[in-house]
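Worksheet: the structure to be examined is printed underneath.
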Amino acid sequence: MLDVLPQQLPNVIPTHIAIIMDGNGRWAKARGLPRIAGHRQGAEAVRRSVESCRELGVSYLTLFAFSSENWKRPASEVDDLMGLLRLYLRREIAELAKNDVRLKIIGDRSKLSDDICALIQEGESRTKLNAGLTLTIAISYGAQAEIVNAARLIAAAHKRGDLDLDEIDEGMFSRFLYTESMPDPDLLIRTSGEQRLSNFMLWQSAYAELLFMDVYWPDFDKQSLMKAIDTFNARDRRFGATSGP
Ligand code: IPE
Ligand code: IPE
Ligand code: MG
């Protein structure tokens with residue numbers, strides 16, 4: 001008789017992981033530091049996460065960096081965040097291009113400064129042929145505005161005579177969202193312990209597994225990511241059907 005050791009099944013790596021990167025301010029406060037220090041460390045956590053996702057073979061990583069509601073923060077913090085974004089893009093575009101990462105920015109660009117828009121364009125066009133990992137960063141992003149924008153585009157196409165009403169279904173609607181043909185997130189993580197979506201990917205997360213982690217974003221590392229993937233693997237995704245026999 002064969003002595004078979006119980007073997008752990010290898011983890012399924014989610015195709016698309018989305019993260020609401022929260023807790024930078026509280027991370028800084030706990031150390032008696034200004035909020036910007038938390039945001040700076042948060043940018044390091046972004047670099048680490050991109051690297052870990054590449055190593056683990058994740059195909060899509062979507063990060064919520066700045067919401068449409070975050071414009072309500074004090075001007076000095078908004079300036080700091082935009083400064084960090086500028087710095088991140090300047091420093092990372094070459095690295096992303098080299099590492100087979102495709103960069104995509106989603107959100108309302110009309111509120112961003114011209115130089116940041118130019119950097120975004122440069123980053124997207126320099127990495128557009130990369131196929132290793134699609135890194136989407138949501139900036140000035142709000143899911144409700146994204147859905148309204150899709151409805152407007154669809155109405156305009158109908159008015160032009162390019163689209164019949166009965167052609168509008170879930171699949172076609174989703175192609176008018178900022179995420180276009182990207183698959184929906186399988187796993188949606190929010191760090192910092194808050195348990196809400198704060199207007200992030202409301203349409204796309206219809207069947208995402210939600211995971212709220214008690215770690216502030218600047219401390220998020222490969223281990224946190226692997227823990228999240230373990231939890232994901234322990235879930236039973238039914239999509240409205242029944243599970244196994
Ligand atoms: C997340 O950290 C970063 C952004 C929303 C831009 P916060 O700045 O929200 O940190 P907390 O929630 O105040 O700790
Ligand atoms: C959500 O975090 C937005 C980002 C992480 C970019 P917030 O800190 O802005 O969310 P609320 O205000 O706690 O809901
Ligand atoms: Mg927050």
Side-chain angles (χ1 to χ4, degrees), residues 16-50 53 60-92 103-113 116 119-120 123 135-149 177-179 182 185 187-205 208-221 224-225 228:
H16 185 172
I17 298 179
I19 309 182
I20 301 174
M21 310 184 288
D22 198 16
N24 295 353
R26 279 163 282 168
W27 181 93
K29 193 174 178 201
R31 287 162 179 75
L33 298 169
R35 291 177 65 84
I36 176 70
H39 295 315
R40 269 193 212 112
Q41 286 308 306
E44 288 305 311
V46 169
R47 289 170 51 121
R48 280 200 299 273
S49 304
V50 172
C53 282
Y60 297 87
L61 173 66
T62 300
L63 301 174
F64 198 10
F66 191 89
S67 74
S68 42
E69 289 73 30
N70 288 149
W71 292 112
K72 291 189 264 184
R73 293 193 179 191
S76 59
E77 180 165 351
V78 170
D79 283 351
D80 285 344
L81 285 165
M82 291 300 143
L84 263 181
L85 173 61
R86 199 175 272 122
L87 203 68
Y88 178 85
L89 291 167
R90 277 200 198 123
R91 281 196 188 151
E92 298 298 316
L103 178 69
K104 195 175 152 65
I105 306 292
I106 57 171
D108 177 7
R109 286 189 201 183
S110 69
K111 293 205 175 119
L112 300 175
S113 68
I116 288 183
L119 279 168
I120 289 173
L135 168 66
T136 303
I137 307 183
I139 297 163
S140 189
Y141 171 89
Q144 290 180 337
E146 176 187 34
I147 293 168
V148 168
N149 182 58
L177 298 171
Y178 297 140
T179 40
M182 201 184 293
L187 171 61
L188 193 160
I189 300 168
R190 182 173 186 145
T191 59
S192 91
E194 304 297 353
Q195 301 192 8
R196 55 178 168 265
L197 295 179
S198 301
N199 202 11
F200 184 54
M201 295 195 110
L202 300 181
W203 172 285
Q204 298 89 336
S205 298
E209 290 299 326
L210 306 183
L211 181 57
F212 301 102
M213 299 180 79
D214 277 329
V215 56
Y216 291 141
W217 175 249
D219 289 329
F220 192 89
D221 58 11
S224 324
L225 184 68

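Read the numbers this way: they start at 1 and go in the same order the structure lists the ligands and their atoms. The first residue in the sequence is number 1, and the count goes up from there.
- Among all non-hydrogen protein atoms, the one lying nearest atom 10 (O) of ligand 1 is Gly25 N, 2.9 Å.
- Inspection of the His39 and Glu77 side chains reveals an N or O donor paired with an N or O acceptor under 3.5 Å.
- Salt-bridge annotation for Arg26 and Glu194: present, with a side-chain N of the basic residue lying under 4.0 Å from a carboxylate O of the acidic one.
- In terms of protein heavy atoms, atom 2 (O) of ligand 2 is closest to Arg190 NH2, 3.5 Å.
- For atom 6 (C) of ligand 1, the nearest non-hydrogen atom of the protein is Ala65 O, 3.3 Å.
- Not a single heavy atom of Ser192 sits under 4.0 Å from any atom of ligand 1.
- Salt bridge annotation for Arg48-Asp221: absent, with no cationic side-chain nitrogen under 4.0 angstrom from a carboxylate oxygen.
- Proximity annotation for atom 5 (C) of ligand 1: of Arg73, Glu77, Lys29, Met21, Arg73 comes nearest, heavy atoms only.
- Shortest contact from atom 9 (O) of ligand 2 to any protein heavy atom: Asn70 ND2, 2.9 Å.
- Ligand 2 has a nitrogen or oxygen under 3.5 angstrom from a nitrogen or oxygen of Arg196.
- There is a side-chain donor-acceptor pair under 3.5 Å between Ser140 and Trp71.
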Stepwise ring pair (Phe, Tyr, Trp, His ring centres under 6.0 Å) check, Tyr141 with Phe66
CA-CA 7 Å; Tyr141 171 89; Phe66 191 89; over 10 Å; no

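- Met201 and Ala143 get closest at one heavy-atom pair: N-CB, 3.6 Å.
- At a threshold of 4.5 Å between non-hydrogen side-chain atoms, the residues Asp219 and Trp27 count as touching.
- Taking the N/O/S atoms of Asp22 in turn, the shortest distance to the Mg ion (ligand 3) belongs to OD1.
- If you check each of Arg26, Glu194, Arg35 against atom 13 (O) of ligand 1, the one with the closest non-hydrogen atom is Arg35.
- Glu194 lies apart from the Mg ion (ligand 3) in this respect, since none of its N, O or S atoms is found at a distance under 2.8 Å.
- Under the 3.5 Å distance criterion, with hydrogens and angles disregarded, no donor-acceptor pair is assigned to the side chains of Asn24 and Gln41.
- Residue Phe66 approaches ligand 2 through these ligand atoms, each under 4.0 Å from one of its heavy atoms: 6 (C).
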